[in-house]
Amino acid sequence: MSYAAYGRIQNRVENGRQIEYRLLGQVTGALIAAQNESDKRKFFDVVLWNQRVWDAFFHDLVEPENRLPDPLKQKIISLCMWVRRETDAIIDGKSGLDDLISVNRNIMDGLR
């Protein structure tokens with residue numbers, strides 16, 4: 001079976017919340033592992049992967065087809081912007097990964 005076929009089957013089995021939960025689980029696990037990463041390139045790759053995940057959430061939230069209630073959308077959009085600022089602080093060496101990990105875990109809890 002090709003990877004594309006696997007992806008089509010997976011999309012039929014998982015709903016959006018499950019996909020978001022799984023993706024956040026993967027990136028959060030990578031962030032946890034990156035806390036002990038001595039290779040700066042690998043460390044920053046993980047931090048930027050997390051940022052891309054949150055950028056994807058942001059782009060989905062601003063789409064007119066997004067059916068989340070507006071107050072919830074605004075709160076998550078604010079969180080997306082916070083993740084962007086926190087990512088910049090981490091890249092500048094002014095912050096660590098703990099807060100990103102905590103936010104990801106809290107969102108995962110909400111997706112259950």
Side-chain angles (χ1 to χ4, degrees):
M1 177 183 293
S2 74
Y3 288 111
Y6 175 77
R8 285 191 300 272
I9 291 168
Q10 187 175 19
N11 286 336
R12 282 186 251 153
V13 175
E14 288 184 310
N15 65 37
R17 289 174 72 105
Q18 292 168 323
I19 293 169
E20 290 168 352
Y21 182 88
R22 182 175 44 82
L23 180 57
L24 277 172
Q26 291 170 347
V27 75
T28 303
L31 286 169
I32 291 167
Q35 288 180 307
N36 299 316
E37 182 60 64
S38 59
D39 183 333
K40 290 294 183 188
R41 181 180 176 140
K42 289 180 182 177
F43 176 86
F44 289 131
D45 284 347
V46 171
V47 172
L48 293 173
W49 176 28
N50 186 72
Q51 180 60 56
R52 287 190 305 274
V53 168
W54 281 92
D55 285 347
F57 291 161
F58 175 83
H59 290 292
D60 181 60
L61 289 162
V62 298
E63 287 295 320
E65 296 84 23
N66 187 296
R67 291 182 277 160
L68 284 177
D70 285 341
L72 180 57
K73 275 197 254 189
Q74 291 305 316
K75 288 178 183 177
I76 300 172
I77 287 171
S78 292
L79 198 50
C80 291
M81 290 188 267
W82 176 86
V83 168
R84 164 106 12 223
R85 289 188 303 273
E86 187 67 13
T87 299
D88 290 344
I90 291 167
I91 290 171
D92 291 342
K94 297 177 182 172
S95 189
L97 299 179
D98 289 339
D99 290 338
L100 286 180
I101 292 167
S102 179
V103 166
N104 284 5
R105 284 180 168 166
N106 287 332
I107 296 299
M108 289 173 68
D109 287 344
L111 290 168
R112 284 189 189 159

Out of curiosity, [X] [atom1] to [Y] [atom2], how far, rounded to the nearest 0.5 Å?
X	Y	atom1	atom2	value
Glu63	His59	CD	NE2	9.5 Å
Leu72	Arg67	CG	CZ	14.0 Å
Leu79	Gln74	CG	CD	12.5 Å

Suppose we screen for side chain to side chain contact (heavy atoms under 4.5 Å, CB included). Which residues come up paired with [X], at least two apart in sequence or across chains?
X	result
Pro64	none
Gln18	Glu14, Asn15
Ala89	Lys94, Ser95
Ala33	none

Among Val83, Ile90, Val27, exactly one meets side-chain contact (heavy atoms from CB on, under 4.5 Å) together with Gln51. Which residue is that?
Val83

Please enumerate all residues that pass salt bridge (Lys or Arg N to Asp or Glu O under 4.0 Å) together with Asp55, with sequence neighbours excluded.
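Asp55 satisfies salt bridge (Lys or Arg N to Asp or Glu O under 4.0 Å) with Arg84 only.
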
Quick one: list whatever passes salt bridge (Lys or Arg N to Asp or Glu O under 4.0 Å) with Lys73, sequence neighbours left out.
Asp70

Any side-chain heavy-atom pair from Leu23 and Glu20 closer than 4.5 angstrom?
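Result no, sub-4.5 Å side-chain heavy-atom pair not found.
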
Assigning hydrophobic clusters by single linkage (Ile, Leu, Val, Met, Phe, Trp, Tyr; side-chain heavy-atom cutoff under 4.5 Å), is Ile19 placed with Trp49?
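No, because Ile19 and Trp49 fall into different hydrophobic clusters, even though each may have its own neighbours under 4.5 Å.
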
Output side-chain donor-acceptor pairs under 3.5 Å for residues 37-47, partner residues at least two apart or in another chain, one line each.
from: Glu37; atom 1: OE2; to: Asp39; atom 2: N; distance (Å): 3.1
from: Asp39; atom 1: OD1; to: Arg41; atom 2: N; distance (Å): 2.9
from: Asp39; atom 1: OD1; to: Lys42; atom 2: N; distance (Å): 3.3

For residues 103-112, please give each side-chain donor-acceptor pair under 3.5 Å, one per line with the distance, not counting sequence neighbours.
from: Asn104; atom 1: OD1; to: Trp54; atom 2: NE1; distance (Å): 3.0
from: Asn104; atom 1: ND2; to: Thr28; atom 2: OG1; distance (Å): 3.1
from: Asn104; atom 1: ND2; to: Asn50; atom 2: OD1; distance (Å): 2.7
from: Asn106; atom 1: ND2; to: Ser102; atom 2: O; distance (Å): 3.3
from: Arg112; atom 1: NE; to: Tyr21; atom 2: OH; distance (Å): 3.1
from: Arg112; atom 1: NH2; to: Tyr21; atom 2: OH; distance (Å): 3.0

Counterpart residues, side-chain hydrogen bond (donor to acceptor under 3.5 Å, both in side chains), relative to Asp60 (two or more places apart)
Asn66

